[in-house]
Amino acid sequence: MNFNEKFDVIVIGAGHAGCEAANASAVMGCRTAMVTLNLDLVAQMSCNPAVGGIAKGHLVREIDALGGLMGKVTDKAGIQFRLLNRSRGPAVQSPRAQTDRAIYRKEMRQLLERVPKLFLRQGEVTSLLVEQGRIIGVELMDGRRLAAKAVVIATGTFLNGTIHIGTRTFSAGRSGEIASILLGQSIRSLGFRMGRLKTGTPPRLDGRTIDFSLFEEQPGDEPPVPFSFRTKKITQKQLSCYIAYTDERVHEVIRRNIDRSPLYSGQIQSIGPRYCPSIEDKVVKFSDKPRHQLFLEPEGYDTNEVYLNGFSTSLPLDVQEQAVRAIPGLEHVEMIRPGYAIEYDMVDPTELKSSLETKRVRGLFHAGQINGTTGYEEAACQGLIAGINAALFCLDREPLVLPRVSSYIGVLIDDLVSRGVDEPYRMFTSRSEMRLLLRIDNADERLTPIGRKLGLVSDEAYSAFLAKQDRIKELKRLMQRHKAVLGHSSTDAFCEVLGIKLTESTYLSQLAKRPEVAPEHLRMLLPREVADNCDPDELSVAVNDLKYAGYVDASRVQAERVLRAQSKKIPADLDYADLPGLSREMVEKLSRIRPETLGQAARIPGVTPAAIAIINLQIELMRR
């Protein structure tokens, strides 16, 4: 077969998954091409221009710790930063940033253009070229053929995408862009099990036609909390968002026209994200609620466009206008873009190994919404792992598989490949069994050494990381040997601020364990030269480590026990039909998913502990 160009890795798509995948494989030394329909829309934020949120912020911190790009770009493009769950424990606190979508695209494109072995190509991939069960390249609509040892598909909602606005439907990957239909047919022809999912987006409003005085202002945090461990300070101006609510008048407009919604007319058959329902779903399924919260979020510094968060809809245009204008303060609003629903193809993620390589085609990797996930952050972390493993595949090295006990990325991928999806997958902290271990402030401690071994973390960044870890250790040692002395002015001030009374001089490490004591309180008790010079984030890590030391140690022991028990490899050629005691349904599930470890097998819905015992016994017999 003749090829126009030859690469080690080809990444199809330039969304959040594609950007991370292409950067990772190129930085690791592989000649990489990122192919996209429109190079002007690299890293386009097609829905809300925001990054992070509950658990999603954890993913971004982990991407950054491994050497990925999303956190670094967000810090440059952010227009409002907030740390969510401040009133709760550090394990569930998570950063979120509203971003300027134009700046985000520009910053990401500039970073990618600077990577020596990364080459951007514009075109529509129509076919995957496969020989003897292995990927060898791709073919483009214009006739070009690009050779590759590995390919990452990161196509977002473009695979056979269909947009719905009322009864109007049309083919599109997102509004104004063509869908990728031929590539979807090529994937299906290879025998992959495919499904159909849905997501949606709200109308964008002209900020000049909004009466902001009628809404509750929501400013950003001061000081703003960065996403990247390498960002020392956010210096750009922050913009406010505004809180709004629907009311009975809005609900009545929607109820009166519910039969015109594609969701309720039967026009849309696929399943949407349960945790991000459309406004139609909110009104119908939560009919007891007198109102629903909305957010008016600016889309950037140099645009009047405002995102109406919480009002995702596929209602007809005239109904969208009526419903939005029924909200006090939006009576005269003009819509810049209507909301819409989009249906798209996905591939059953149980078709994947834990490396995100497909089981059917060697060297082919999937990342992002093609695997049934929703959200930029879920896509980006998959893209990073797929890009890393595509590079390792080309370099003939063992794949990277992050265990679920060490990262939220590991939890997400394990959930996908073990359990599959029946709705768009979203990350939550509750999905992890070890979330006390997986805080945002220790993501670098957990993952940066891995990124360093892969070549994704620079010498400068790694030296800074090691120095930071040394300073945190020294802070913990200091608090373990330094006491709050009764009668000392600093101790008196500490007690007065907290409204407590100490009966004896107490080590700072013991005070750290008290739930009401925060890092800023312990700063009052540190020696003056330390208190004046220690970094607030490093002090926070040190205090949190001491505060939860008992729980963390117990969690680590449990994590190691779980890992040992569940990491036992299942032979790839194990014939489940030959195992006595397994039901037909169990044999079908296990044969289809082909779990790689006992732990993965145990997490397949419907697989019983008795079945795991049978498989374990067979593994032991095969070892003898």
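- Heavy atoms of other residues, nucleotides or ligands lying less than 6.0 angstrom from CZ of Arg193 number more than 12.
- In this structure, Arg61 forms a cation-pi arrangement with Phe229, its terminal cationic atom sitting closer than 6.0 Å to the ring centre and no more than 45° off the ring axis.
- The pair Asp345-Arg188 meets the salt-bridge criterion, since a charged nitrogen lies less than 4.0 angstrom from a carboxylate oxygen.
- Among pairs with a residue in residues 77-87, those fulfilling side-chain hydrogen bond (donor to acceptor under 3.5 Å, both in side chains) read Arg86-Asp221, at least two apart in sequence or across chains.
- Ion pairing between a basic and an acidic side chain is recognised when a charged N comes within 4.0 Å of a carboxylate O; Asp414 and Arg419 show no such pairing.
- Remark: Glu299 engages Arg101 in a salt bridge, criterion side-chain N to carboxylate O under 4.0 Å.
- No side-chain heavy atom of Met335 sits under 4.5 Å from any side-chain heavy atom of Arg204.
- Rounding to the nearest 0.5 angstrom, the gap separating the OG1 atom in Thr246 from the CZ atom in Phe311 is 8.0 Å.
- For the residue pair Asp415 / Tyr425, a side-chain donor-acceptor distance below 3.5 Å is found, with atom types taken as modelled.
- The neighbour count for Tyr551 OH, taken as heavy atoms of other residues, nucleotides or ligands under 6.0 Å away, does not exceed 12.
- The aromatic ring centroids of Tyr104 and His16 lie less than 6.0 Å from each other.
- For the residue pair Thr231 and Asp75, a side-chain donor N or O sits within less than 3.5 Å of a side-chain acceptor on the partner.
- Under 4.0 Å is where a charged nitrogen must lie from a carboxylate oxygen, and between Lys72 and Glu107 no such pair does.
- For His58 and Phe428, the distance between ring centers is not under 6.0 angstrom.
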For the pair Gln218 and Ser240, evaluate side-chain hydrogen bond (donor to acceptor under 3.5 Å, both in side chains) and give the outcome as yes or no after the intermediate values. CA-CA 6 Å; Gln218 185 187 56; Ser240 288; over 6 Å; no
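- Here the NZ atom belonging to Lys106 is positioned 11.5 Å from the CG atom belonging to Leu111, to the nearest 0.5 angstrom.
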